[in-house]
Structure formats: C-alpha cells, structure tokens
S.K.: 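There's a structure below that I have some questions on.
Please read these numbers as outputs of a predicted model, since none were measured by experiment. In this chain, numbering begins with 1 at the start of the sequence shown.
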Amino acid sequence: MQVYKKAVRNSNLMVVWFVLLIPIGMISSASGLENGEAFAGWSVLGGLLALTNFGLNCPKCGDNLFYSRGFYWPFPDRICSKCGLDLSEETPG
C-alpha cells in the first residue's frame with residue numbers, strides 16, 4: 001500500500017477516535033467507573049494513533065506527510081511540501 005493511502009487511513013481513524021472521545025468519556029463517567037478508566041484507555045489509544053503519524057514519510061525525501069508550513073496538520077499532504085512528489089500516484093514497486 002502506498003504511503004499516502006496509509007496516511008489517509010490513519011487520518012480517518014484519528015477523526016473517528018476524536019468524534020467518539022466525548023461519548024466514551026460520558027459513558028465511562030455515567031457507568032461509575034473509578035477515575036474514568038475507559039476514558040483513559042481511549043486517550044492512550046489516541047496517543048498511539050498520533051504516534052504512528054511520525055512514521056509516515058515521503059519515500060523520496062523523507063519529509064513527514066503531516067508536517068508542512070511549520071505545523072503538524074491532522075490530514076496528510078497529497079503533494080510533498082519539501083520535494084513536490086505527488087504521493088497519491090501509484091509508485092512502481
């Protein structure tokens with residue numbers, strides 16, 4: 001699978017995680033869990049998902065797909081901000 005498709009899939013998982021963050025917190029507090037264990041576990045899962053973004057780099061120059069213009073963005077660049085490679089095109093391999 002090409003790196004851009006992996007990055008988009010990971011980005012979509014992060015959006016789903018973020019959308020479900022509030023309901024998971026509400027359910028965990030309503031169910032009487034001590035100190036919000038379910039919310040804490042859900043937060044750890046989000047942190048692990050975010051860490052995977054650091055390993056998704058341009059195959060040509062090694063620049064991170066989520067880092068451009070001095071910020072980390074929630075969605076990956078389709079075109080590398082450093083070398084200009086179109087990451088959505090199928091790479092031979």
S.K.: Considering residues at least two apart in sequence or located in another chain, which fulfil the ring pair (Phe, Tyr, Trp, His ring centres under 6.0 Å) criterion with Tyr72?
M.R.: Phe54, Tyr67
S.K.: Filter on salt bridge (Lys or Arg N to Asp or Glu O under 4.0 Å), then keep only pairs touching residues 71-81, sequence neighbours left out; what's left?
M.R.: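 Output for this query lists Arg78-Asp86.
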S.K.: Identify the two heavy atoms, one from Met14 and one from Ala50, that lie closest to each other, and give their separation to 0.1 Å.
M.R.: SD-N, 3.7 Å
S.K.: Do Phe66 and Phe75 land in one hydrophobic cluster if side-chain heavy atoms of ILVMFWY residues count as linked below 4.5 Å?
M.R.: no
S.K.: With sequence neighbours left out, which residue pairs that include part of residues 49-62 fulfil the salt bridge (Lys or Arg N to Asp or Glu O under 4.0 Å) condition?
M.R.: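 Applying salt bridge (Lys or Arg N to Asp or Glu O under 4.0 Å) to every pair that reaches into residues 49-62, excluding sequence neighbours, yields nothing.
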S.K.: So, taking the atom named CG in Leu65 and the one named CH2 in Trp73, what distance separates them when rounded to the nearest 0.5 Å?
M.R.: 15.0 Å
S.K.: Output all residues satisfying side-chain hydrogen bond (donor to acceptor under 3.5 Å, both in side chains) with Asp63, sequence neighbours left out; order by chain, then residue number.
M.R.: Ser81
S.K.: Who clusters with Ile79? Use side-chain heavy atoms, under 4.5 angstrom, across I, L, V, M, F, W and Y, and order the result by chain and number.
M.R.: none
S.K.: Once side-chain contact (heavy atoms from CB on, under 4.5 Å) is applied, do any residues pair with Asn57, and if so which ones, sequence neighbours excluded?
M.R.: Asn64
S.K.: If you take all heavy atoms of Ala7 and Leu56, which pair is closest and at what distance?
M.R.: CA-CD1, 3.6 Å
S.K.: Please report the interatomic distance OG(Ser11) to OH(Tyr4), rounded to the nearest 0.5 Å.
M.R.: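 Those atoms lie 8.5 Å apart.
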S.K.: Do Pro76 and Val8 make a side-chain contact, defined as non-hydrogen atoms from C-beta onward lying under 4.5 Å apart?
M.R.: yes
S.K.: Any chance you could lay out the side chain to side chain contact (heavy atoms under 4.5 Å, CB included) test for Cys58 and Leu87, step after step, and finish with the verdict?
M.R.: CA-CA 8 Å; Cys58 173; Leu87 299 163; 4.2 Å; yes
S.K.: Residues two or more places apart in sequence or in another chain: which of them pass side-chain contact (heavy atoms from CB on, under 4.5 Å) with Leu13?
M.R.: Leu49
S.K.: Do Thr52 and Leu48 have side-chain heavy atoms sitting under 4.5 Å apart?
M.R.: no
S.K.: For residues 13-24, which residue pairs qualify under side chain to side chain donor-acceptor pair (under 3.5 Å), counting only residues two or more places apart or in two chains?
M.R.: none
S.K.: Please determine whether residues Leu45 and Val16 belong to a single hydrophobic cluster, defined as Ile, Leu, Val, Met, Phe, Trp and Tyr linked transitively by side-chain heavy-atom distances below 4.5 Å.
M.R.: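 Looking at the clustering, Val16 is in the same group as Leu45.
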